[in-house]
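One structure is given below, encoded as structure tokens.
This is a predicted model, so every value here is computed, not measured.
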Amino acid sequence: MNKLMRAALVVCSLMLLVGRASTQTPRAYENAADNAMGAKDYYAAMQYFGKVLEMEPNRLDVSYRYADAARQFGAYGQAEALLQQTLEADKNGKFPDASFKLANVKKYLGKYDEAIRLYRRYTATATANSPLRKEAERDIEQCIWALERLTNPDRSILVERLPDETPNTAQSDFAATLRDNTLVYSSFREIEWGDKNYPKRPISKVLESSDGSAGVFADFNDAKRHTANTAFSADGKVLVFSKCDYVSAGGFFCDLHFTYQTSAGWAAAVKLPDIVNAPGYNTTQPHVRMAEDGYYELYFVSDRPGGLGGLDIWKAPLTLTGSVGKPENVAALNTPSDEVTPFFYEKDKTLYFSTNGRQSVGGFDIYKSVFSNNAWQAPEHLDVPLNSSYDDLYYAPQNDDMALFTSNREESAAVVGDACCYDIYKATYLPIELKTLAFAKPEEAPLDEVVFTLTEAPAKLPSATKFSGEKNEADFAIRRRQQYMIIAQKEFYKPDTVYVETTSLPADRKFVEKLYLVPEIGLAVKTFHEWTKEPLFDVLVRIYEVPGVVSEQKRTGSDSNESKMEVGGLRMFTVIAEKEGFLPDTAVVTAEELRAVKAGTTMYKNLFLSPASMSAYLPITLYFDNDQPDPRTRYTTTSQTYEQTVERYMTRRTAFIEQYTNTLKGVEKEQAAEQLGKFFDEEVQTGYVKLEVFASNLGLFLKGGSSIEIMVKSFASPLASSDYNMALTQRRIASVRNYFRKYDDGIFEQYVRSGQLKVSTLPLGESAAPPHVSDDARDKRRSVYSIEASRERRAEIIEVRMFKN
């Protein structure tokens with residue numbers, strides 16, 4: 001309060017000092033400046049130090065003290081320039097605290113990066129037990145915190161300074177609220193009020209402006225005292241406000257007064273009793289809340305005993321006649337520093353207030369605390385741009401979409417230099433939009449006729465439900481700082497749910513959430529004996545979507561030849577039916593086939609198993625990434641297994657498509673992406689699945705005593721030299737050999753050691769590569785990422801030789 005009202009004294013102090021000039025000596029002005037600093041009259045000190053510098057312009061010590069006075073007065077621009085000059089000129093370290101004070105100024109100017117550097121410069125040389133060092137360390141953390149807030153401003157809030165003259169003037173205007181269409185606010189005015197000082201000092205008055213017209217003085221203003229800080233009850237029957245007096249160059253003393261509405265207007269105001277206006281202490285900045293019991297709650301600010309320190313927020317019961325109960329310190333919100341300008345917004349049960357005792361992005365910052373479960377919840381810092389690196393006060397929501405508040409931020413009026421004054425601002429909460437989109441898995445095609453349900457969590461409002469109709473989208477209006485749950489539903493689809501938090505907002509204040517619904521598609525697999533076509537019981541049916549990973553499996557049962565599984569949501573898959581002593585049968589369900597199946601229906605597959613023979617699995621083609629395994633080496637062996645290298649290769653599917661198609665456009669780009677995607681899905685993946693099935697049945701023959709020799713040949717694309725590619729093909733065959741040795745925790749190792757299982761090799765290098773496959777290292781699109789080059793990087797199991805022991 002004192003800081004805000006002190007700003008009004010700038011003009012009169014300036015005039016007074018000008019009148020005293022002319023005959024004083026530099027020493028007299030310097031003494032006067034020192035006395036003003038001791039009295040915390042920083043503006044007067046600035047003027048006196050300025051006079052000394054006019055006479056003795058090279059006095060670095062005076063310039064430094066002038067800068068400190070400007071810093072403490074709030075003339076941060078002047079302080080910044082002078083302190084910077086001091087730092088640059090102080091070659092001998094005469095002013096060791098200059099870097100701290102300049103950092104402090106930078107912090108209030110919102111230049112947090114510069115402030116952090118200067119604070120660290122100060123702490124590097126300050127003594128360990130220095131109070132300023134500890135303050136600098138705290139301020140470094142404060143600046144880091146402030147930077148994080150500034151990088152994530154609330155983009156749904158539009159802050160605007162209200163127009164000049166009504167209400168904002170060249171001096172301080174503050175504490176605004178709306179009563180119907182009337183703006184009620186406090187303002188300093190240079191008017192005749194009986195002041196004995198010369199020149200006359202300004203005085204604060206309450207003004208009323210209807211529908212943007214010029215402000216007029218309210219009836220309840222005191223002609224000879226400051227009148228400010230109006231607090232109207234919601235029912236319009238009660239008004240509490242401050243009356244204050246000048247007590248020093250930079251200080252005011254205030255007490256609270258009460259009036260009530262009569263048929264003729266406001267009754268004569270009376271001072272509230274000493275139980276509220278504690279004698280000898282400041283009592284100011286009231287707010288009146290309608291209490292649940294039909295009475296009122298009076299919130300106010302005071303430095304009276306019993307608080308936590310500085311100015312604290314208090315509350316007391318109040319009646320329609322002005323009777324008050326014992327005040328209670330709102331200890332959950334107060335700190336040892338100052339808490340000011342309380343305002344309780346009834347709809348959200350939230351008290352808004354400003355403080356300089358908690359983390360802030362500047363001086364006084366606005367906080368809020370919700371009163372829930374009969375207790376004040378932990379105070380929350382309001383977002384930038386409501387808070388700035390300057391003082392932000394008197395935050396007063398007028399409805400859910402607009403609030404008024406007071407600030408001395410850069411846009412505010414400045415009487416002298418960059419100091420003073422406070423102006424009134426409006427914060428408008430812009431609408432936030434949520435667009436929900438529905439897609440069907442796995443192709444992520446738009447899905448129409450979806451019901452979207454939006455629920456605020458925890459539920460504060462009834463759920464909102466919208467039907468997408470012929471589109472796949474629905475739009476909702478949502479609120480800031482909330483969490484929402486969205487459910488998308490459609491018949492014969494499994495619903496999807498997402499959660500949205502509106503704490504951090506996109507630049508356009510529009511959220512887009514995609515929901516993916518899985519179609520309910522059944523798969524019924526029937527198994528038969530290949531030779532007799534009779535039903536074959538007790539068969540294991542497996543579904544593979546990713547090579548080597550079983551999506552689902554189920555046995556037909558000992559008296560059944562049918563198994564049923566859900567396959568909705570799969571992009572494409574392979575169905576394999578297996579039974580000991582039989583060769584498995586496989587069916588590949590393509591993406592096109594799945595897309596043709598209607599949700600809520602069942603597709604059928606018949607699989608036929610014949611007595612086992614290992615050659616039935618051949619040929620098996622296995623593909624490799626470029627220069628894999630173990631790139632950039634001429635070793636002819638590797639420790640990697642084919643399983644390891646193919647899994648990494650599959651993760652690069654998207655990268656291959658992007659590199660192969662990045663120079664193409666339109667239909668040509670789409671077709672190329674589809675073709676390369678099919679290569680990964682239908683050749684790379686299928687080859688690995690066939691290898692898994694081959695290996696899973698190999699043990700049956702080995703256990704039966706058969707000796708088996710697996711013949712493998714390998715190829716490479718022609719990108720590297722011939723001798724390099726020969727070594728590369730040998731490493732690829734080695735990875736296949738390692739696959740069999742490590743399969744299923746090494747179940748084949750004993751057969752390899754005994755010679756019962758052999759992997760014979762025929763590496764071909766690049767000799768078999770067709771001439772049209774590129775070997776141009778500069779054109780990686782064709783030599784690395786093309787389908788032609790990719791097909792050359794392979795190994796093939798071409799023959800299985802079996803010998804019955």
Side-chain angles (χ1 to χ4, degrees), residues 546-548 619-664 672-673 675-691 710 712-742 759-798:
V546 178
I620 299 173
T621 303
L622 308 174
Y623 293 95
F624 294 81
D625 198 349
N626 184 56
D627 201 18
Q628 292 291 340
D630 301 338
R632 297 180 296 278
T633 180
R634 294 181 182 271
Y635 289 139
T636 59
T637 186
T638 180
S639 62
Q640 293 190 51
T641 69
Y642 179 73
E643 178 182 13
Q644 293 171 320
T645 188
V646 76
E647 286 178 352
R648 287 195 300 269
Y649 189 22
M650 288 298 294
T651 64
R652 282 169 44 79
R653 178 182 188 274
T654 300
F656 263 69
I657 293 174
E658 290 176 353
Q659 292 293 331
Y660 183 58
T661 63
N662 63 3
T663 61
L664 306 178
Q675 291 169 0
L676 192 52
K678 281 186 176 181
F679 166 74
F680 275 88
D681 294 338
E682 299 180 8
E683 296 187 48
V684 179
Q685 177 173 306
T686 298
Y688 183 41
V689 170
K690 290 180 70 175
L691 179 65
I710 301 171
V712 183
K713 61 180 179 180
S714 179
F715 304 84
S717 62
L719 187 58
S721 63
S722 297
D723 61 330
Y724 183 93
N725 282 339
M726 182 60 70
L728 176 59
T729 59
Q730 290 175 313
R731 292 199 301 276
R732 287 174 175 167
I733 291 174
S735 73
V736 177
R737 183 184 295 110
N738 292 340
Y739 168 85
F740 287 109
R741 299 192 72 157
K742 296 182 180 181
V759 178
S760 299
T761 64
L762 177 61
L764 296 185
E766 66 174 285
S767 60
H772 68 273
V773 178
S774 174
D775 61 354
D776 186 357
R778 294 168 299 178
D779 183 11
K780 290 189 176 181
R781 177 182 175 272
R782 295 180 59 242
S783 64
V784 174
Y785 299 106
S786 68
I787 296 177
E788 293 80 4
S790 296
R791 284 199 174 111
E792 292 308 308
R793 299 189 294 267
R794 71 187 190 276
E796 294 179 351
I797 299 177
I798 57 173

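L622 contributes atom CG, which lies 8.0 Å from atom OG of S735 (distance to the nearest 0.5 angstrom). Separating the CZ atom in R793 from the OG atom in S714 is a distance of 12.0 Å, to the nearest 0.5 Å. Interatomic distance, OG1 of T621 versus OH of Y688, reported as 16.0 Å (0.5 Å rounding). I657 contributes atom CD1, which lies 7.0 Å from atom CZ of F680 (distance to the nearest 0.5 angstrom). Taking CD1 of I787 as the start and NZ of K678 as the end, the distance is 10.0 Å to the nearest 0.5 Å. Note that CD1 of I733 is 10.5 Å distant from CD of E796, once rounded to the nearest 0.5 Å.
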Give the intermediate values and the outcome of side chain to side chain contact (heavy atoms under 4.5 Å, CB included) for residues T729 and T761.
-> CA-CA 10 Å; T729 59; T761 64; over 6 Å; no
Yes or no on salt bridge (Lys or Arg N to Asp or Glu O under 4.0 Å) for D625 and R652, after CA distance, side-chain angles and deciding distance?
-> CA-CA 9 Å; D625 198 349; R652 282 169 44 79; 2.6 Å; yes
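Of all non-hydrogen atoms in D681 and T686, the two that sit nearest each other are O-OG1, 3.7 Å. Residues T661 and A673 share a closest heavy-atom pair of CG2-N, 3.8 Å. When every heavy atom of L676 is checked against every heavy atom of Y785, the shortest pair comes out as CD2-O, 3.7 Å. Heavy atoms only, all atoms of each residue included: A795 and V736 are closest at CB-CG2, 4.3 Å. When all heavy atoms of P629 and L728 are compared, the closest pair comes out as O-CD1, 4.3 Å. Closest approach of I620 to G687, counting heavy atoms only: CG2-O, 3.7 Å.
Within the 4.5 Å cutoff, side-chain heavy atoms of Q644 are placed close to those of T641. Counting heavy atoms from C-beta on, the side chains of T638 and T633 never come closer than 4.5 Å. You'll find the side chain of Y660 reaches within 4.5 Å of the side chain of S786, heavy atoms only. Within the 4.5 Å cutoff, side-chain heavy atoms of K713 are placed close to those of I798. With a 4.5 Å cut-off on side-chain heavy atoms, Q659 and K780 do not count as touching. Looking only at side-chain heavy atoms (C-beta outward), S721 and R634 come within less than 4.5 Å of each other.
R782 is linked by a side chain to side chain donor-acceptor pair (under 3.5 Å) to nothing, counting only residues two or more places apart in sequence or in another chain. Every residue two or more places apart in sequence or in another chain was checked for a side chain to side chain donor-acceptor pair (under 3.5 Å) with E643, and none qualifies.
When D630, T645, N738 are each tested for a side-chain hydrogen bond (donor to acceptor under 3.5 Å, both in side chains) with Q640, only one passes: D630.
Aromatic rings of Y623 and F679 (six-membered ring for Trp) have centroids within the 6.0 Å cut-off, being under it.
Atom NZ of K742 has more than 12 heavy atoms from other residues, nucleotides or ligands within 6.0 Å.
The list of salt bridge (Lys or Arg N to Asp or Glu O under 4.0 Å) pairs with a residue in residues 727-737, not counting sequence neighbours, reads D627-R731.
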